Every structure is written in structure tokens, then in C-alpha cells.
Amino acid sequence: MPSIFRPDLRLHRVEQIDVALLRRLHIDALLLDVDCTLKPYRSQALAQSVVDWIGQLRREGIGLCLVSNGRGTRVRPIAERLDLPLVAAALKPLPHGCRAAIARMEFDPRRTAMVGDQLFTDVMAGRLAGIFTILVDPIRPEQEPWYTRLKRPVERFLVRGVAHRPRGEEPSI
Ligand SMILES: [Mg+2]
């Protein structure tokens with residue numbers, strides 16, 4: 001697989017990204033995709049496990065910023081509910097949204113990871129921005145718009161050789 005599409009780490013859910021894992025990876029800031037990463041595309045509802053996970057990372061001092069391709073009017077309520085900063089209309093896979101978030105939050109790009117559910121937006125944007133990338137399985141992908149669903153079989157093909165890391169397993173990085 002071309003490295004531009006290769007996530008550094010593949011997990012099933014964001015909740016698997018715990019502080020112990022981040023410490024081992026020397027990461028202390030996360031850029032978070034919103035749709036299908038934190039919540040289903042057509043829902044504004046956040047799972048309690050995701051809200052709790054955000055709260056836990058915040059208490060541990062992990063920097064957090066949402067980076068979404070969604071329009072601000074649609075994504076901002078989620079940012080407000082989670083009390084997180086937001087870069088909306090980020091135009092991933094272009095790296096500008098990631099870079100803007102890193103600059104605004106004064107994150108160290110060497111210690112920042114992009115977390116998302118799509119190779120062709122999140123992983124590619126993170127790669128182009130030169131940061132660590134974590135791919136998670138999409139939440140309820142059947143709700144996505146047709147142009148996203150079209151890309152899913154290609155994405156599954158490209159990541160077929162990248163194993164999921166189950167919770168607790170040491171990443172080989
Ligand atoms: Mg997404």
C-alpha cells in the first residue's frame with residue numbers, strides 16, 4: 001500500500017486509545033475526526049463511552065481538537081457539547097486543517113496524532129501534515145452519504161494488510 005494511505009495504528013474504536021497507549025507512543029495531542037469516528041453521520045448523539053473517553057483524556061492533560069470536513073453549522077454543536085475546539089470545513093485530505101489545528105492549539109506536531117475513520121481523508125491528511133495517524137472502524141457507515149460509501153470497498157482493500165491492535169497489545173512502533 002502506498003504509505004500515504006497507511007495508518008500508523010489501526011484500532012476498532014476511539015475508546016481503545018487510552019493514556020497508557022499514548023504515553024508509549026509519545027503522543028500528547030489528538031486531532032479528532034467527528035463523523036463516523038465519534039458519532040454516526042446522521043446523528044448528533046454521542047455515546048456515553050465517547051463522552052467519558054474525552055473526559056478521561058482531558059483530565060490526563062492530552063490536547064484535543066476536532067478537525068472535521070463538515071460545515072461549522074452542523075459540527076459546532078458537537079464541539080460545544082464536548083467543550084472542544086473545532087476546525088470545521090477542514091478539506092481533508094489536504095493537510096491545512098490539521099496544520100491549522102496544531103498551530104492554533106500550539107501542539108507539537110511530533111507528538112500529535114490524527115484520529116479518523118477514513119483513509120482518503122483522515123489518514124491522508126495526517127500523513128501530508130507529517131503527523132502520526134490512527135485509523136478506527138467507522139461507526140454506522142451505512143448512514144454515510146453515497147460518495148463516502150463508494151470509497152469504503154477501496155479503503156477496506158487498501159488496509160487489508162494492516163491488523164487491528166486489540167486493547168492492551170503493544171503496538172510495534
Ligand atoms: Mg469520518
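As a basis for the values below, the full set of heavy atoms in this structure was taken, side chains included, without hydrogen atoms, waters or symmetry mates. Bear in mind the structure is a predicted one, so any value in this text is a computation, not a measurement. In listed order, ligands and their atoms are each counted from 1.
D35 contributes atom O as its closest N/O/S atom to the Mg ion (ligand 1). Counting just the N/O/S atoms of D33, the one with the shortest distance to the Mg ion (ligand 1) is named OD2.
Once rounded to the nearest 0.5 Å, the distance linking CG of L31 with CZ of F132 reads 13.0 Å.
Looking only at atom types and distance, the side chain of R13 has no donor-acceptor partner in the side chain of Q16 under 3.5 Å away. A donor and an acceptor atom, one from each side chain of Q48 and D52, are located under 3.5 Å apart.
Contact annotation: D117 places an N, O or S atom under 2.8 Å from the Mg ion (ligand 1).
Salt-bridge check for D28 with R110: failed, with every basic side-chain N at 4.0 Å or more from each acidic carboxylate O.
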